[in-house]
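All ligand and atom numbering here is 1-based and tracks the order in the structure.
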Amino acid sequence: MDTAFANDPARVIEADRAHVWHHLIQHKPFETIDPRIIVEGKGLRVWDIKGREHIDAVSGAVWTVNVGYGRESIANAVRDQLIKMCFYAGAAGTIPGAQFAQRLIEKMPGLARVYYANSGSEANEKAFKMVRQISHKHHGGRKSKILYRDRDYHGTTIACLSAGGQQERNAQYGPFTPGFVEIPHCLEYQSPDRGEGYALRAVQTIEDVILREGPDTIGALCLEPITAGGGIIVPPAGYWEGVQALCRKYDILLLIDEVVCGLGRTGTWFGYQQFGVQPDIVTMAKGVASGYAAISCCVTTEAVFDMFKDATDKLGHFRDISTFGGCTAGPTAALENMRIIEDEDLCGNSARMGAYLNGLLTELMARHPCIGEVRGMGLFQGAELVADRDTREPLAEKLVQAVVADCLAQGVIIGASNRSMPGYNNTLLFAPALIATRDDLDQIVGAVDVALERVCG
Ligand SMILES: Cc1ncc(COP(=O)(O)O)c(C=O)c1O
């Protein structure tokens, strides 16, 4: 890199303003304000180009940097591997690819095969293609529908948006891919039929959709273990058991999207392991290499894999490729990332510190009536903000965003569901790196306390 350029903030900002099209945000304000440029990270902290320090309570804004910033051991492992062997297309294997697959499968009893790709969306696309091809090969093309849940998100491509339960994310990007069917969300707090027996009723709504569509037309049910951007929705006790039973009853593959919950985020290696379910296909991305390299995986059982083994059909194998799924930086970073999670007991820390964070946020409820509910698992917590606790009317999105902005001004980066579900972008999101300490969490929640006081009174 040109160090003269890197050391000149004005040049960087102007180059960014002139040529970078940023993800997710409206550019009009950059006519008068500077784009934010992040230049350094260490542990839970990041520094921007103007020298401001922030504590990052959302692991790179999108819940990714699970092991924290500045891990030299990951950088060194990737460097050494790139010099030795940087890339070879995935029709062949590589040493880190083989080793990471083996280590990953050790953490996922009942699963057997790892298909490499680069992003969460891409891993989900692979899964959808597998389901469709299984339908063609084994069910005469009939069992091709994929069920997805309201408020879940599975990625940004057209097929993933077709399986997306966040209407504001989908707006203006249709028409969508046919064959994706929505089931209701399972957020009891905002369900009209909440109360005793809710989990069973939520499962029944899924069965109703299956029966309406016809079980022999449905290939897979695709769910997040805990809905992430849709508002940190932890399904009620009994829900997941009901889901598993429905999948077995109607011969539907259970596809679990662990893009956010995987790799320790909820306090176990994978979110589904909190609920004792056995998926057929699992996708994962963000925390797999904590953002140190681009890697995602679509992991299947041997039974799913076996459905593609057939030397008599020239088109019968999984005819899919991801060019950069052959980059060795991904599995190399993922191996070191996994070693760190294991050696530093970051799943355990996520569980312990998650309980502490949940307690801190719950304590805030006594002072701030605008907090309607606190929910989450491990270092993945949410606080749903309401205008009125009795009616549970969601707090207006602009006020929720004002809380986020106030925290940012205090040097604390938190998140909130935004521009996703009409009328329900009202949940503050917390997903700090899994190395977070009590002091870090005290600082984060302290800023939220101040922000809520200023915004909600
Ligand atoms: C649950 C879930 N699945 C999939 C994705 C898509 O991942 P990516 O942005 O890597 O394509 C996301 C992204 O936030 C996600 O939250």
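Annotation: atom 5 (C) of ligand 1 to nearest protein heavy atom, Val259 CG1, 3.7 Å. For atom 15 (C) of ligand 1, the nearest non-hydrogen atom of the protein is Tyr153 CD2, 3.6 Å. With hydrogens left out, the protein atom closest to atom 3 (N) of ligand 1 is Asp257 OD2, 2.7 Å, a heavy atom. Looking only at protein heavy atoms, the nearest one to atom 8 (P) of ligand 1 is Gly120 N, 3.5 Å.
Of all atoms in ligand 1, listed by their number and element, those nearer than 4.0 Å to a heavy atom of Val260 are 1 (C), 15 (C), 16 (O). In the vicinity of Ser121, heavy-atom distances shorter than 4.0 Å reach the ligand 1 atoms 6 (C), 7 (O), 8 (P), 11 (O). For ligand 1, the atoms sitting less than 4.0 Å from at least one non-hydrogen atom of Ser119 are 10 (O), 11 (O), numbered in the order shown with element in parentheses. Atoms of ligand 1 found under 4.0 Å from any heavy atom of Glu224 (numbered from 1 in listed order, with element): 1 (C).
In terms of modelled atom types and a separation under 3.5 Å, the side chain of Tyr198 and the main chain of Ser191 share no donor-acceptor contact.
Contacts with ligand 1 closer than 4.0 Å are made by side-chain heavy atoms of Asn124 only, the backbone lying farther away. Contacts between Lys286 and ligand 1, counted as non-hydrogen atom pairs separated by less than 4.0 Å, involve the side chain only.
Heavy atoms from other residues, nucleotides or ligands lying under 6.0 Å from CZ of Phe87 number more than 12. Counting non-hydrogen atoms of neighbouring residues, nucleotides and ligands closer than 6.0 angstrom, the CZ atom of Arg194 exceeds 12 such neighbours.
Taking the ring centre of Tyr153 as origin, the terminal cationic atom of Arg169 falls inside the region bounded by 6.0 Å and 45° from the ring axis.
For the side chain to side chain contact (heavy atoms under 4.5 Å, CB included) with Val374, the lone residue among Leu357, Leu361, Leu428 that qualifies is Leu361.
No hydrogens or angles considered: nothing links the side chains of Ser290 and Asn66 as a donor-acceptor pair under 3.5 Å. Side chains of Gln274 and Thr266: a donor-acceptor N/O pair is present below 3.5 angstrom, by distance only.
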